[in-house]
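Just so you know, these numbers come straight off a predicted model, no measurement behind them. Values reported hereafter were calculated over all heavy atoms of this structure, with side chains retained and with hydrogens, waters and symmetry mates removed. Order of listing sets the numbers, starting from 1, for every ligand and every atom in it.
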Amino acid sequence: MTGRNSRTGQAPTDSLSDRLAQQREATQPVADQSEVALVRRQYLESEQRFRTLLESLPKVAVQGYDRDRRVIYWNEASTRLYGYSAEEAQGNLLEDLIIPDAMRDGVIAAHRAWVRDGIEIAPEELELRHKSGELVPVFSHHVMLGEHTDSPLMFCVDVDLSDQKQAHRELEFATRYDSLTHLPNRQTFESELDSLLASGERRDTFLALVYLDIDHFVEINDALGYEQGDHLLIELTRRLREHQRMSDLIARVSSDEFVLAFPDLHRQADLWRLVDNVQLALRDPFVLAGHSRQVTACLGVALYPDNGLNARELIRNADVAKNRAKLDGRGALRFFEQHLHDELVRQHHLIAQLEQALDHGELSLHYQPQVSAVSGRIENLEALLRWLPAEGPPISPAEFIPLAERSGLIHRLGDWVVETACRQQRAWRDRGFTEQRIDINLSGRQLLRPGALERFAACLERHGLAPRDIGIELTENVLIEADTTVLDGLRQLYHRGVRIAIDDFGTGYSSLSYLKHFPVTALKIDRSFVHDAPAQPEDRAIMEAAIFIGHRLGLEVVAEGVENAEQLTLLREMRCDLIQGFYFYRPMPAEAIERLLAGLVPGHGHLSG
Ligand code: C2E
Ligand code: MG
Ligand code: MG
């Protein structure tokens with residue numbers, strides 16, 4: 001590339017070489033003519049190379065200025081960077097071209113100080129002015145040639161930083177904001193909220209932090225695709241923003257979770273109004289994949305200063321409240337309560353303890369006999385899990401089973417129960433107790449685990465047990481929610497001869513018609529009906545109907561929780577098949593059961609009389 005470039009034009013480069021040559025001559029001691037000519041030629045050649053170099057650097061803008069800061073050189077990259085062609089720039093003052101007004105005096109002074117006192121201008125990052133008026137970020141180096149002559153030339157070498165700045169901005173955006181909704185992320189929200197809380201006195205006002213979690217978002221994603229899920233999030237963001245005041249904050253903190261902060265509230269009424277506003281954002285259906293769809297979300301609310309003094313505490317407590325709301329079902333709203341939080345912390349510890357309990361042998365199975373209502377003979381044993389921690393009182397399965405379900409620990413626990421029950425049954429069979437069956441409880445989550453029923457069958461086989469040796473109990477809701485894979489698995493067990501009972505019958509699903517669809521062999525009437533039957537005609541009627549329907553469907557009927565003679569009499573009148581309850585036997589350890597089966601301990605005589 002040479003100076004004869006159509007864009008830079010001829011003039012500036014010629015003028016530059018002339019000036020450089022003049023300057024060179026001016027600083028050169030007088031020598032003979034031929035020597036001068038040689039030096040001049042060499043100089044021109046070197047200058048030519050220099051010029052070519054400058055011209056070939058597309059990203060490096062080089063400008064030369066005379067002692068009055070008039071442009072004497074302007075390369076093509078300068079044109080690209082600042083918008084002026086070389087002709088336009090030529091002869092104009094630096095400060096009129098690319099120096100923003102605010103820098104004008106400083107630049108002039110700095111240039112003078114360099115020319116006069118030799119104080120160099122240090123390289124630095126600047127924002128200079130483009131012809132359009134916009135600012136351009138550059139890294140600018142300055143070189144003074146002929147510093148101690150009459151015609152000192154300042155060259156500015158500017159590197160365009162726009163791309164880096166843009167990349168930096170993008171990076172900063174990506175680390176501070178959510179790319180889908182462009183809302184701040186959790187960290188940004190936390191620091192914004194903390195500075196909001198730190199700023200200003202908020203003595204008479206309070207702040208509400210609302211945690212919003214879309215219900216069943218995963219299903220929307222699965223059913224309609226991620227695109228529709230994204231669309232929902234963007235639209236919800238728009239609606240939430242619509243009702244925001246300037247001072248309110250909002251962030252997206254995970255895939256389907258948002259947090260909103262509402263400062264400067266004075267009265268309860270303010271709080272309700274803004275909670276209404278958040279709920280309003282969900283009132284109208286969303287149009288997803290061409291269909292309108294009602295979307296709900298659970299809300300948890302924490303208040304400053306009562307429920308936390310900083311962003312992190314407030315978010316955590318609003319999250320706790322939201323998780324509590326989730327248990328209430330779709331669209332629920334909960335305010336944070338300290339005891340909720342304490343309860344969660346306790347549950348968390350309990351789960352950790354339970355995990356250890358498994359390894360430390362703190363768990364055992366107790367067995368509660370079910371006796372024939374007619375003969376009083378022990379027919380079956382229900383295996384019930386017992387946890388006696390190394391320290392402290394026993395913990396009820398009614399408390400730890402739901403926790404284990406939620407944490408996923410139920411699978412290990414369930415495997416342990418199946419294995420232990422099978423091993424016990426094997427031992428009893430080997431000792432000649434061949435009659436009674438052991439029934440184990442299976443929870444919903446256990447059944448949903450792939451291969452659960454196969455593993456159950458394999459365990460029976462491993463211990464050389466027949467399908468009729470171990471039965472299972474499931475609750476109604478588990479059956480209702482079972483998918484076809486689970487139902488097919490249950491059907492296979494059923495056809496092999498495994499006894500399957502519906503536990504706590506009457507407390508779950510309210511329709512009886514589903515009974516005929518499921519592969520079950522027995523109903524266990526919930527103890528609440530048994531308990532109230534003697535005094536409450538309604539409970540008696542339900543119990544009677546359940547026994548009647550059970551029998552019509554060919555099912556065995558078991559009554560749970562029988563505690564007195566009155567209940568027993570009723571159940572016998574209604575022709576209930578089996579009785580389980582404290583009136584006969586409490587759940588007891590395997591050794592006690594063994595003594596009972598061996599006849600070493602007399603059975604109860606309630607039925608013989
Ligand atoms: P469930 O399966 O309905 O078990 C019957 C519960 O009633 C047992 O409580 C039993 O001790 C109690 N019970 C029996 N007779 C009477 C009575 O006459 N009066 C009263 N008031 N209660 C009686 P438990 O042992 O506390 O178990 C509670 C629940 O925990 C069980 O209810 C079952 O749902 C669950 N569970 C227990 N063991 C296991 C297990 O190994 N796996 C699973 N998934 N759940 C289990
Ligand atoms: Mg049970
Ligand atoms: Mg039950």
Side-chain angles (χ1 to χ4, degrees), residues 354 357-358 362-371 378 380-388 393-425 437-449 452-453 456 459 470-479 499-508 520-534 556 558-568 570-571 576 578-590 592-593 604 606:
L354 180 56
L358 257 173
E362 292 172 6
L363 298 175
S364 62
L365 284 185
H366 279 195
Y367 300 88
Q368 186 179 29
Q370 290 172 2
V371 302
I378 295 175
N380 308 316
L381 302 164
E382 179 176 7
L384 293 161
L385 199 48
R386 292 291 174 263
W387 177 13
L388 184 61
I395 297 168
S396 160
E399 177 170 18
F400 69 78
I401 293 285
L403 294 186
E405 279 219 45
R406 254 181 274 155
S407 74
L409 193 62
I410 192 70
H411 299 308
R412 275 187 69 200
L413 219 54
D415 288 347
W416 184 90
V417 169
V418 174
E419 175 65 30
T420 308
C422 284
R423 198 175 329 115
Q424 186 59 66
Q425 187 64 305
R437 185 180 78 221
I438 296 179
D439 287 344
I440 58 176
N441 292 282
L442 290 185
S443 65
R445 183 123 182 233
Q446 271 176 280
L447 275 192
L448 288 177
R449 185 192 188 189
L453 295 172
F456 171 76
C459 191
I470 304 274
I472 58 179
E473 295 189 2
L474 310 164
T475 60
E476 293 170 89
N477 291 340
V478 169
L479 283 170
R499 307 289 289 176
I500 303 172
I502 300 185
D503 205 353
D504 306 340
F505 183 76
T507 57
V520 292
T521 58
L523 294 186
K524 294 186 74 181
I525 300 172
D526 189 67
R527 67 168 180 264
S528 57
F529 299 108
V530 175
H531 183 267
D532 297 337
E556 195 171 37
V558 187
E560 290 187 298
V562 178
E563 293 180 343
N564 58 46
E566 228 181 331
Q567 294 163 345
L568 175 66
L570 261 181
L571 287 160
C576 183
L578 294 169
I579 308 291
Q580 180 180 353
F582 297 168
Y583 190 58
F584 286 93
Y585 302 102
R586 288 184 176 259
M588 47 189 137
I593 291 286
H604 286 249
H606 298 307

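Salt bridge present: K524 and E560 bring a charged side-chain N and a carboxylate O closer than 4.0 Å. Salt-bridge formation is detected for the pair R449/D415: a Lys NZ or Arg NE/NH1/NH2 atom is positioned less than 4.0 Å from an Asp or Glu carboxylate oxygen.
The side-chain heavy atoms of I593 and Q424, taken from C-beta on, include no pair separated by under 4.5 Å. Contact check for L354 versus L363: side-chain heavy atoms found under the 4.5 Å cut-off. The shortest side-chain heavy-atom distance between P369 and M588 falls under the 4.5 Å cut-off. Two residues are said to be in side-chain contact when any heavy atoms from C-beta on lie closer than 4.5 Å; Q368 and F582 meet this criterion. Taking 4.5 Å as the limit, some side-chain heavy atom of R445 sits within range of a side-chain heavy atom of H411. Annotation: side chain of I470 is in contact with side chain of F456 (closest heavy-atom distance under 4.5 Å).
At a heavy-atom cutoff of 4.0 Å, ligand 1 is contacted by no atom of H366, backbone or side chain. Under 4.0 angstrom from ligand 1, the non-hydrogen atoms of R527 all belong to its side chain. Both the backbone and the side chain of S443 come within 4.0 Å of ligand 1, judged by heavy-atom distances. Contact annotation: for K524 versus ligand 1, there are no heavy atoms closer than 4.0 Å. Heavy atoms of L413 found under 4.0 angstrom from ligand 1: none, in either backbone or side chain. When non-hydrogen atoms are compared, ligand 1 lies under 4.0 Å from neither the backbone nor the side chain of Q580. For N441, heavy-atom contacts with ligand 1 shorter than 4.0 Å involve the backbone as well as the side chain. Residue contacts with ligand 1 for I401 involve side-chain atoms from C-beta outward but no N, CA, C or O (heavy atoms, distance under 4.0 Å).
The heavy atom nearest to atom 28 (C) of ligand 1, considering only G581, P397, P587, A501, is found in P397.
Nearest N, O or S atom of E382 to the Mg ion (ligand 2): atom OE2.
At least one N or O atom of D504, backbone or side chain, sits closer than 3.5 Å to an N or O atom of ligand 1. The shortest N or O to N or O distance between L385 and ligand 1 is below 3.5 Å. Of the N or O atoms in F582, one or more lie within a sub-3.5 Å distance of an N or O in ligand 1.
Heavy atoms of I440 stay at 4.0 angstrom or farther from ligand 1. Residue contacts with ligand 1: E405 is excluded, as none of its non-hydrogen atoms falls under 4.0 Å. Under the 4.0 angstrom criterion for non-hydrogen atoms, R386 is in contact with ligand 1.
Interface of E382 with ligand 1, defined as ligand atoms under 4.0 Å from a residue heavy atom, comprises 1 (P), 2 (O), 4 (O). Taking every non-hydrogen atom of V417 and a distance limit under 4.0 Å, the qualifying atoms of ligand 1 come out as 41 (O). With ligand atoms numbered from 1 in the order given, ligand 1 contributes 44 (N) to contacts under 4.0 Å with heavy atoms of Q446. Within the listing of ligand 1, atoms 14 (C), 15 (N) sit less than 4.0 angstrom from a heavy atom of Q368.
Note: I401 CD1 to L385 CG = 5.0 Å, rounded to the nearest 0.5 Å.
Rounded to 10°, the angle that OE1 of E473 and OD2 of D503 form at the Mg ion (ligand 2) is 90°.
No more than 12 heavy-atom neighbours from other residues, nucleotides or ligands sit within 6.0 angstrom of CZ on R586. Under a cut-off of 6.0 angstrom, the local environment of NE2 in H531 is sparse, with at most 12 non-hydrogen atoms contributed by other residues, nucleotides or ligands.
Checking side-chain atoms of T475 against main-chain N and O of D503 turns up no donor-acceptor pair under 3.5 Å.
Judged purely by distance below 3.5 Å, without hydrogens or angles, the side chains of D526 and S528 pair a donor atom with an acceptor atom.
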